[in-house]
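Below you'll find the structure, written out as structure tokens, and then a few comments.
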Protein chains: 2
Amino acid sequence: MHMSANVSERAKEPPNIGVSVVILALGPSDLDGRTNDPSTTGTASAVTDSLYAASTTETGNGVGRTTSRTHNGDTVPTLRIPLVRRVRQPFLGDWALPGGDLQSGRSLEFAAEKALRSTTSLHPQYLEQLYTFGDPSRSHGGLPMVSIVYWALIGETEAKDFREAQNVRWFPVNQLPPLAFDHKDIIEYALTRVRNKIEYSDIATRLVGSEFTLSQLRNVYEAIYGRKLDAPNFRRRMLSTGMVEPTGEKLARGAHRPASLYRYVAHTGTGKSGSPGKPGTIVIAGTTPQSAASGQ
Amino acid sequence: MHMSANVSERAKEPPNIGVSVVILALGPSDLDGRTNDPSTTGTASAVTDSLYAASTTETGNGVGRTTSRTHNGDTVPTLRIPLVRRVRQPFLGDWALPGGDLQSGRSLEFAAEKALRSTTSLHPQYLEQLYTFGDPSRSHGGLPMVSIVYWALIGETEAKDFREAQNVRWFPVNQLPPLAFDHKDIIEYALTRVRNKIEYSDIATRLVGSEFTLSQLRNVYEAIYGRKLDAPNFRRRMLSTGMVEPTGEKLARGAHRPASLYRYVAHTGTGKSGSPGKPGTIVIAGTTPQSAASGQ
DNA sequence: CGAATAGTGTCTGTAAGACAATATTCT
DNA sequence: AGAATATTGTCTTACAGACACTATTCG
């Protein structure tokens, strides 16, 4: 089966509810250079303007690489997003966020994860609701009046076996094809959300292993920000927050000084609580936990 | 008619969609001391813990005043929230956020504003989507499976004619009664959202007139933060951002030095764009503008 | 003058960022 | 030694907050 990704066909009964997902994946950091045929890619439109300089890629085919070159010549890992090609009329042929219908009796997260599985077998390190769209003007011919959008983060290690199925393809965030509906805006919004969130949450540490070097952690930040960070300053900042602590071990990875390993330190409830528990915001790792009931 | 506030009764066809609103209103700044009968108030539960010290009120009846006293004796204006009493079984008798059903063919904002009008004739200075709840576990007996929550801000001047209808009552945010569902969490979430948002948006300046003194503006901040701010530092901060500029006029309001008037300066698109346009996030003032289409 | 609010000046601490310099490993 | 990354050290600037002090009005 290929994806049930897009809209299902129902008649008129009150607002259908669709759930879509913006999936942000860290590409492998080694410059493997997987190249997909660039045939149907279309004109790439950079989503993030000033952040990526000239959106250069090594191959130039527009889809392959997982790193980008910034204006000063440095190379940074780049986030990638799986999109599905629309096979129905509104925006037929354009690319769109993976999504599906909300089944009654199921949670929103369940629907989001199902949509996520329609494009990748990987499970997200993080899943959070982004926004709900409900304008009746969406009657471009499509159906669901209300669309609940989630965004997910997928770590680097597991992002190695992308599943490039029939109508699914992964795009670097700075080289997106023409998108259906307002999905380009949605992706932009998701990116700003991640970049803000990374500052006051632990999502970055979830994208590395339980033990990691500060370089690895910094690479996560760089991928999300889309630019190089100063290594010394990054180190100090991380250590000063007390979010990470050294394990005492070191990791040798090449012809250079080995790096110390660190682990994430759970929130020391110091009482100053930067951000009180949000309702139903956070879902960790694999399955389908979480609750946050609500009626009315 | 009293409010169509709560759930409407339908049968089984796929998820109903409800829309609720957290309405945050600045109480009048003069200590008028409107006193409602405290009969059915129930035990007040402070939503914001550390921010309000001892949640003291002048009268002690728990609902009347619009100011609170902080731990150091200063007095600050307090936000108030209109709630409706539930007349149906799940959580019968408890207080809940005003809400209503989403009518097909209408925008989410339209439903939110309608719900807002069910408790107050005032129109919001600001309306923004907060979160969408969709847990099937909400089958406490209520119906709508999916609940889209908005939050609204209402300015000080118009907040003078609160409409205390049949089953509607206004509560200070630091003295909320027992709430239905997880509405207490939702209100907390709304508060943290406002407090964050006030930092990088212009919502505060919308809650004062087109011309205002820095004291007035500071009062808005203090109401939202729930604590006193240092006047000299606040002044410097506001002026340094370039968000406000002096009109050249002054306003005399008592036996003391008159204050300079300022006006809000529209965003100087400096290109550094702190926060790229979010999809369908912002609605100004009265009617029902705004769009941000989306399908799928 | 006294009360009350508006506004200025200073000082301190913290945090971010630029950037030089040192340390450690492998080849 | 040389390449490459890790780590430490300084220095500068910006900004938030505490707080003393001055200014202007009315009664």
Side-chain angles (χ1 to χ4, degrees), chain A residues 29-31 70-77 195-196 198-200 208 211-222 225 227-262 270 272 274, chain B residues 29-31 51 67 70-77 195-196 198-200 208 211-222 225 227-262 270 272 274:
Chain A
S29 57
D30 51 353
L31 308 177
T70 63
H71 60 295
N72 51 39
D74 288 328
T75 198
V76 296
R195 289 176 180 142
N196 286 331
I198 199 181
E199 281 307 317
Y200 58 90
V208 293
E211 300 194 352
F212 49 88
T213 70
L214 289 179
S215 291
Q216 290 168 340
L217 187 59
R218 178 164 46 84
N219 280 332
V220 174
Y221 277 78
E222 289 175 343
Y225 282 139
R227 64 181 176 90
K228 274 285 182 194
L229 296 178
D230 183 84
N233 293 334
F234 178 82
R235 152 181 298 274
R236 259 186 297 268
R237 190 154 61 94
M238 282 303 120
L239 295 179
S240 72
T241 63
M243 299 256 297
V244 299
E245 67 181 10
T247 67
E249 293 174 284
K250 288 182 181 295
L251 175 64
R253 275 201 317 171
H256 54 265
R257 176 174 179 176
S260 295
L261 283 172
Y262 295 82
T270 50
K272 58 175 299 191
Chain B
S29 58
D30 50 354
L31 307 176
L51 287 177
T67 59
T70 64
H71 60 296
N72 51 38
D74 288 328
T75 198
V76 297
R195 288 175 181 142
N196 287 331
I198 200 180
E199 282 306 319
Y200 58 91
V208 292
E211 301 194 351
F212 48 88
T213 69
L214 289 180
S215 290
Q216 291 169 341
L217 186 59
R218 178 164 45 85
N219 280 331
V220 173
Y221 277 78
E222 289 175 342
Y225 283 140
R227 63 182 175 90
K228 273 286 182 194
L229 296 178
D230 183 87
N233 293 333
F234 178 82
R235 151 181 300 273
R236 260 185 297 267
R237 190 153 62 93
M238 282 304 119
L239 294 179
S240 71
T241 63
M243 299 257 297
V244 298
E245 67 181 10
T247 66
E249 293 175 286
K250 288 184 182 293
L251 175 64
R253 275 200 318 170
H256 54 265
R257 175 175 179 174
S260 296
L261 283 172
Y262 295 81
T270 50
K272 57 175 299 189

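Here the structure is a predicted model, which is why all the values come from computation and not from measurement. First the proteins, then the strands, lettered A, B, ... as listed; each starts at 1.
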Next item on the list: Remember a base hit wins even if backbone is also touched, and classify B/Pro258 as base, sugar-phosphate or nothing at under 4.0 Å, heavy atoms.
Entry: sugar-phosphate
Check: Mapping A/Thr213 and B/Arg236 to their closest nucleotides on DNA chain D, which lands nearer the 5' end?
Finding: A/Thr213
When you check the phosphate oxygens OP1 and OP2 of [N], does a side-chain N or O of [X] lie under 4.0 Å from one of them?
X	N	result
A/Ser240	C/dA15	no
A/Ser260	D/dA6	no
B/Arg253	D/dT25	no
B/Arg257	C/dA4	no

Notebook entry, point to check: If each of B/Ala255 and B/Ala259 is mapped to the nucleotide of DNA chain C with the nearest heavy atom, which maps nearer the 5' terminus, i.e. the 5' end?
Noted result: B/Ala255
Next item on the list: With DNA chain C as reference, determine whether A/Lys250 or A/Glu199 sits nearer its 5' end, using the nearest nucleotide of each.
Entry: A/Glu199
Separation of [N] [atom2] from [X] [atom1] (nearest whole Å):
X	N	atom1	atom2	value
A/Asn233	D/dC11	CG	P	15 Å
A/Met238	C/dA15	CE	P	13 Å
A/Asn219	D/dA6	CG	P	9 Å
B/Leu239	D/dC15	CG	C1'	15 Å
B/Leu251	D/dC26	CG	C1'	14 Å
B/His256	C/dA3	NE2	P	16 Å
B/Arg235	D/dC21	CZ	P	20 Å
B/Tyr262	C/dA6	OH	P	11 Å

Notebook entry, point to check: If you take atom types as modelled and just measure distance, does the side chain of A/Asp230 reach the base of C/dA16 with a donor-acceptor pair under 3.5 Å?
Noted result: no
Note to self: Return the CZ to CG distance between B/Arg237 and B/Leu229, rounded to the nearest 0.5 Å.
What the structure shows: 7.0 Å
Check: Which value, rounded to the nearest 0.5 Å, describes the distance between B/Ile198 atom CD1 and B/Tyr221 atom OH?
Finding: 4.5 Å
Note to self: Give me the atom names and distance for the closest heavy-atom approach of A/Met238 to A/Val244.
What the structure shows: O-CG2, 3.9 Å
Checklist line | Minimum side-chain heavy-atom gap B/Ser215-B/Arg218 below 4.5 Å | finding: yes
Note to self: Would you say that A/Leu251 contacts A/Glu211 through its side chain, given a criterion of any heavy-atom pair below 4.5 Å between the two side chains?
What the structure shows: no
Next item on the list: Measure from the side-chain heavy atoms of A/Arg237 and tell me the nearest of C/dA20, D/dA6, C/dA16.
Entry: C/dA16
